[in-house]
Asker: 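Have a look at the structure that comes next, please.
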Amino acid sequence: MTVRLDATPDQVATAARRVMARCEELARVTSAPGRIERVYLSPEHARVNRLAAEWMRELGMTTHQDAAGNQIGRLEAATGAIPDRDAPALLIGSHLDTVPDAGRYDGIVGVLMGLEVVRLLRVPAPDDAWRSPFPFAIEVAAFSDEEGTRFGKALLGSSALAGTWDDDWWRLTDADGTTLREAFLDFGLDPTRLGEAARRPGDLVGYLEAHIEQGPELDRRGESLAVVSSIAGARRFQLLVEGEARHAGGTPYDMRRDALLGASEAALAIEAICRAEQHIIGTVGQLEVFPGAVNIVPGQARLSVDLRGEFDGERDRTWAAISRELDAIMGRRGLRWSGHQVHSAPAVFCAPILQDVIREGIVSTLPPGSDAPATIFSRAGHDGMALGAVTDVGMIFLRNPDGISHHPDEAVSAADVALGIRALAESVLHLAAEPR
Ligand code: HGY
Ligand code: MN
Ligand code: MN
């Protein structure tokens, strides 16, 4: 059965221009003038939720901020004159929170493209409302904390929706020592009602996310869109290296236990071990030195480790190898090291049915006779890692020139956004045409 999106190229181009303009508007909601930073449960989080809710209501969606601060819009199913508010929903979404000094499109473009797909697919209803044209509702989710910038643990918003929240997280603290529980209360949320955000498998038809690739493959291939095969499983650690602070002038080298040099060797060892693997990526993104004076041999160093892999087992074996190497390094230098895990999310394999409909959607944007669209393993993490616990996950990647992301130079073209909107809408039509 061929399904075709009933939208002119101009309608789709207009939708893409709207997405780009709204990315600029959202970029201006930041806690750090001159750069983009929006973290969980902040005034900036509240402001972008209000903006997203306004755009959702303009489309005829009902809106609510869920118990974890995710902003949700819903277009009821076309099951008859009376909307069926219990119909399962196809969830389309991404996140509106950012890393520090972020780009404009990571997460953001996926939420806004979801709204444009709703605009293109919705149908008028008798009570001059709008409906999903399918026997399922369509929901758009603006997740509130995919990055984990404030509390270190990522995917907090989408974990709440997936029903996998862990009450140990309430004790997580931000850089000011504010606990997650306190931040919830300050934001106007009730920690005791967090469970209300959770969805059951029967509530959802599936989850689709459009996202910039955050890597160079599509740019190198000269292609706009790709199907995502799976999302890397991630673990994050905070390590402490302990040596001895001493006088930078009077202390001979053979008496030193320099924590910074131990941490530096550790970072290089992590790089070397991960580079020797096929699909394992390890990064030290944070390093602090104590006491931190120019004339004191560092007595302590704190460093982060972000470790990802296509397969959780390979990733975990690599972490064991890294730990053994850290033992050896610190032993040679008379240092001690310890560490604790602050985040863990399993690798998620995108559902074959959703990979298929996304592939069909992308094909609909290509000239006849084109090669099949690329299928890419996502080394970047996404909310789909959390949603995989409760429903099928599908992702579509947009070309990200030069692959640069988590950086102000992050880019995406309006033309590729237009192709992505069309492909995503066609994917939904193909999914709806699938026997349920
Ligand atoms: O870290 C990641 O891969 C994602 O951008 N949060
Ligand atoms: Mn990101
Ligand atoms: Mn992202």
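Fair warning: this is a prediction, and the values are worked out from it, not measured in the lab.
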Asker: Can you measure from CH2 (Trp165) to OG (Ser158) and round to the nearest 0.5 angstrom?
Answerer: 10.0 Å
Asker: Is the shortest distance from a Lys or Arg side-chain nitrogen in Asp356 or Arg359 to a carboxylate oxygen in the other one below 4.0 Å?
Answerer: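 Judged by the 4.0 Å cut-off on N to carboxylate O distance, Asp356 and Arg359 do form a salt bridge.
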Asker: Does any donor atom in the side chain of Gln238 or Gln286 lie under 3.5 Å from an acceptor atom in the other side chain?
Answerer: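 Present: a donor and an acceptor within the cut-off.
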Asker: Sequence neighbours left out, what pairs pass ring pair (Phe, Tyr, Trp, His ring centres under 6.0 Å) with at least one residue falling in residues 250-273?
Answerer: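 The answer is none; no pair qualifies.
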Asker: So, applying side chain to side chain contact (heavy atoms under 4.5 Å, CB included) with Arg236, which one of Val305, Asp306, Leu307, Thr283 is it?
Answerer: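 By the side chain to side chain contact (heavy atoms under 4.5 Å, CB included) criterion, Arg236 pairs with just one of Val305, Asp306, Leu307, Thr283: Asp306.
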Asker: One pair to check against side chain to side chain contact (heavy atoms under 4.5 Å, CB included): Ile358 and His430. What are the steps and the verdict?
Answerer: CA-CA 8 Å; Ile358 287 169; His430 280 280; over 6 Å; no
Asker: Let me see the working for Thr179 and Arg171 under side-chain hydrogen bond (donor to acceptor under 3.5 Å, both in side chains), right down to the final yes or no.
Answerer: CA-CA 6 Å; Thr179 65; Arg171 292 191 294 278; over 6 Å; no
Asker: Taking the six-membered ring for Trp, are the ring centroids of Phe184 and Trp170 within less than 6.0 Å of each other?
Answerer: yes
Asker: Which residue is it: Leu354, Leu208, Ile362? I am looking for the one with a side chain to side chain contact (heavy atoms under 4.5 Å, CB included) to Ile396.
Answerer: Ile362
Asker: Could you walk me through whether Met56 and Leu115 pass the side chain to side chain contact (heavy atoms under 4.5 Å, CB included) check?
Answerer: CA-CA 7 Å; Met56 291 169 176; Leu115 294 180; 3.7 Å; yes
Asker: Counting only N and O atoms by type, is there a donor-acceptor contact under 3.5 Å from the side chain of Ser42 to the main-chain atoms of His45?
Answerer: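 Flag set: sc Ser42 to bb His45 pair under 3.5 Å.
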Asker: State plainly whether the residues Glu116 and Arg119 are in salt-bridge range, i.e. N to O under 4.0 Å.
Answerer: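 So Glu116 pairs with Arg119 through a salt bridge.
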Asker: Pick out which of Gln300, Met330, Glu242 makes a side chain to side chain contact (heavy atoms under 4.5 Å, CB included) with Leu335.
Answerer: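 The side chain to side chain contact (heavy atoms under 4.5 Å, CB included) with Leu335 is passed solely by Met330 among Gln300, Met330, Glu242.
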Asker: Roughly how far, to the nearest 0.5 Å, is CG of Asp66 from CD1 of Ile72?
Answerer: 5.0 Å
Asker: Tell me whether the count of non-hydrogen atoms from other residues, nucleotides or ligands lying under 6.0 Å of CZ in Arg193 goes above 12.
Answerer: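 It does not: Arg193 CZ has 12 such atoms or fewer within range.
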Asker: Are Arg256 and Thr251 linked by a side-chain donor-acceptor pair shorter than 3.5 Å?
Answerer: no
Asker: Can you tell me how far OG of Ser378 sits from CD of Glu213, rounded to the nearest 0.5 angstrom?
Answerer: 8.5 Å
Asker: For Glu58, is there an ion pair with Arg22 - N to carboxylate O distance below 4.0 angstrom?
Answerer: yes
Asker: Determine whether a donor-acceptor pair (N or O, by modelled atom type, separation under 3.5 Å) exists between the side chain of His407 and the backbone of Asp409.
Answerer: yes
Asker: Just checking, any donor-acceptor pair under 3.5 angstrom between side chains of Asn70 and His95?
Answerer: no
Asker: Determine, step by step, whether Leu26 and Val111 satisfy the side chain to side chain contact (heavy atoms under 4.5 Å, CB included) criterion, reporting the C-alpha distance in whole Å, the side-chain angles of both residues, the deciding distance to 0.1 Å, and the verdict.
Answerer: CA-CA 11 Å; Leu26 291 171; Val111 175; over 6 Å; no
